[in-house]
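Right, one structure below, let's go through it.
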Protein chains: 2
Amino acid sequence: METLRERKKQRTRDALLRAAVELFTTRGYERTTVDEIADAVDVSQRTFFRYYAGKEEAALALQEMAVARFVEAVRERPAAEAPMEALRQAVLEGWDTLGEVIEAVVPIELYLRMYRVIESTPVLLAAHLRRNEEIEDALARVLAAREGVDVDADPRPRLAVAVFGGVMRVTERRWGTDGDFSLDAMRDMTIAHLEQVGPALTKNWRSQ
Amino acid sequence: METLRERKKQRTRDALLRAAVELFTTRGYERTTVDEIADAVDVSQRTFFRYYAGKEEAALALQEMAVARFVEAVRERPAAEAPMEALRQAVLEGWDTLGEVIEAVVPIELYLRMYRVIESTPVLLAAHLRRNEEIEDALARVLAAREGVDVDADPRPRLAVAVFGGVMRVTERRWGTDGDFSLDAMRDMTIAHLEQVGPALTKNWRSQ
DNA sequence: GAGGCTAATGACAGCGTCTGACAATTGACA
DNA sequence: TGTCAATTGTCAGACGCTGTCATTAGCCTC
């Protein structure tokens with residue numbers, strides 16, 4: 001079992017995250033200060049920075065949990081699967097099991113609201129996109145290993161992952177701005193968009 | 001002809017940009033302060049912020065010039081061209097005429113060095129990626145108009161642009177880290193990567 | 001070409017993020 | 001229980017950025 005010290009740390013860590021997300025989703029990211037977050041948990045500002053490298057990191061922490069799950073899912077996909085299909089299956093798995101990961105810390109509802117905050121806050125969106133690139137890099141390595149090619153010499157792993165990432169970004173954005181803001185809607189949109197990539201690149205858009 | 005006031009403003013604007021890029025590429029982005037930039041041009045810190053919204057904007061200003069050119073090139077492509085081909089031609093045009101745009105303010109050499117600074121500085125890379133998304137949005141509208149489809153209802157314009165953007169990002173990254181850091185190398189790599197997108201998505205990587 | 005008008009600048013004060021340093025507190029473990 | 005190490009609070013300060021107001025400098029009219 002864990003030591004008392006570790007449990008205490010985990011508790012303040014979670015409390016800080018909860019307080020931060022709560023404030024971000026109500027008052028907005030820019031208009032909540034680190035002092036307010038620290039005060040809400042009754043710790044010093046300095047302590048906040050010991051748990052999170054900055055406001056940004058706290059704002060993206062939930063996303064990070066979901067993403068870690070997704071990358072793990074890709075790693076565990078059967079080696080026989082084609083690269084794009086492995087990514088597709090893993091991301092769908094991710095959406096289906098999102099609840100388990102998030103609910104351990106905050107209600108899923110808060111996660112969804114936080115999503116929109118990220119999308120509508122320039123500095124957060126920027127940080128989110130940069131993080132996406134790091135993930136794409138990791139995924140390219142996984143795919144390259146699966147297929148037995150050199151990720152630094154052969155551009156195909158990175159290209160495939162970049163295309164997939166691009167499609168997912170389009171999906172994310174439409175999800176955040178369109179009407180149906182549910183996990184099911186996200187699932188359906190993911191499938192639909194992945195099916196239309198091919199046609200969008202090659203076919204004539206007007207003949208429809 | 002321009003008034004004296006306008007010429008003076010343009011001169012300080014350029015001087016600030018030159019000083020900023022000069023310092024960023026030698027001392028590094030994080031380790032140069034706004035005060036240092038302002039001092040180098042002999043203006044107050046407050047004046048710097050009147051010309052550039054922040055350090056970030058000054059760091060990305062050169063990129064911004066090149067990108068504006070590229071978007072304009074896409075707009076002027078013949079309407080008969082297929083979407084992806086229009087993007088391809090425009091970006092190649094962009095690389096070929098880069099010198100004209102940049103040399104008006106700083107030597108092209110500085111632009112190339114600044115490129116690597118952006119790529120290796122987390123906050124700058126993040127801002128760069130977010131800006132890319134804004135550009136992709138604009139491009140999607142252009143393509144949609146060309147093809148006569150609704151950009152909000154039909155996902156294909158955004159998907160096509162996202163794929164193109166993803167490929168360009170992979171190219172940028174390899175360009176910055178690989179050996180040959182010249183505009184010609186960038187040109188060749190762009191062509192090669194665009195040719196390999198299709199195969200990377202559909203074909204079996206091992207049968208080669 | 002003198003004077004009034006307006007735009008540009010400088011100087012100053014202040015807020016918020018983030019870091020380093022040191023002292024005080026609190027849990028771990030013999 | 002007493003020692004050691006980890007965690008926290010406090011303080012000082014750097015840096016980015018903004019609002020405010022007085023000062024300067026170009027512009028335009030009479």
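Residue numbers begin at 1 in each chain, while the letters A, B, ... track the order of the sequences. These values consider heavy atoms only, across backbone and side chains, with no hydrogens, waters or symmetry-generated copies.
No salt bridge links Glu119(B) with Arg113(B); every basic N to acidic carboxylate O contact stays at or beyond 4.0 Å.
If you measure from atom CZ of Phe48(A) to atom P of dG9(D), you get 14 Å, rounded to the nearest angstrom. Rounded to whole angstrom, the span from the CD atom of Glu30(B) across to the P atom of dT19(C) amounts to 10 Å. Separating the CD atom of Gln10(B) from the C1' atom of dA8(C) is a distance of 15 Å, rounded to the nearest angstrom. Spacing between atom NZ of Lys9(A) and atom P of dA5(D) amounts to 17 Å, rounded to whole angstrom units. If you take CG of Leu23(A) and P of dT17(C), they are 12 Å apart, rounded to a whole angstrom. Straight-line distance from the CD1 atom of Ile37(A) to the P atom of dG16(C): 13 Å, rounded to whole Å.
Within 4.0 Å (heavy atoms only), Tyr51(A) reaches sugar-phosphate atoms of the nucleic acid but no base atom.
For Thr47(B) and dT9(C), the shortest distance from a side-chain N or O to OP1 or OP2 is not below 4.0 Å. Contact check, Lys55(B) against dC17(D): no side-chain N or O comes under 4.0 Å of OP1 or OP2.
Of the candidates dA21(C), dA6(D), dC18(C), the closest approach to any side-chain atom of Arg50(A) belongs to dA21(C). Checked against dT9(C), dC18(C), dT18(D), the side chain of Thr12(B) finds its nearest nucleotide in dT9(C). Closest to the side chain of Gln45(A), from the set dG19(D), dC17(D), dC18(C), is dC18(C). Nearest nucleotide to the Arg5(A) side chain, out of dA8(C), dT17(C), dG27(C): dG27(C). Distances from the side chain of Thr33(B) to the nucleotides dT17(C), dT18(D), dC15(D) place dC15(D) closest. Considering only side-chain atoms of Lys8(A), the nucleotide from dT26(C), dG20(C), dG16(C) that sits closest is dT26(C).
For the pair Arg13(B) and Tyr52(B), the cation-pi test (distance below 6.0 Å, angle within 45°) is passed.
A donor-acceptor contact under 3.5 angstrom links the side chains of Gln10(B) and Asp14(B), judged on distance only.
Phe24(A) pairs with exactly one of Tyr111(A), Tyr115(A), Tyr29(A) by the ring pair (Phe, Tyr, Trp, His ring centres under 6.0 Å) rule, that one being Tyr29(A). The only member of Glu100(A), Glu93(A), Glu64(A) that meets side-chain hydrogen bond (donor to acceptor under 3.5 Å, both in side chains) when paired with Arg69(A) is Glu100(A).
No hydrogens or angles were tested; on distance alone, nothing pairs the side chain of Arg7(B) with the base of dG26(D) as donor and acceptor under 3.5 Å.
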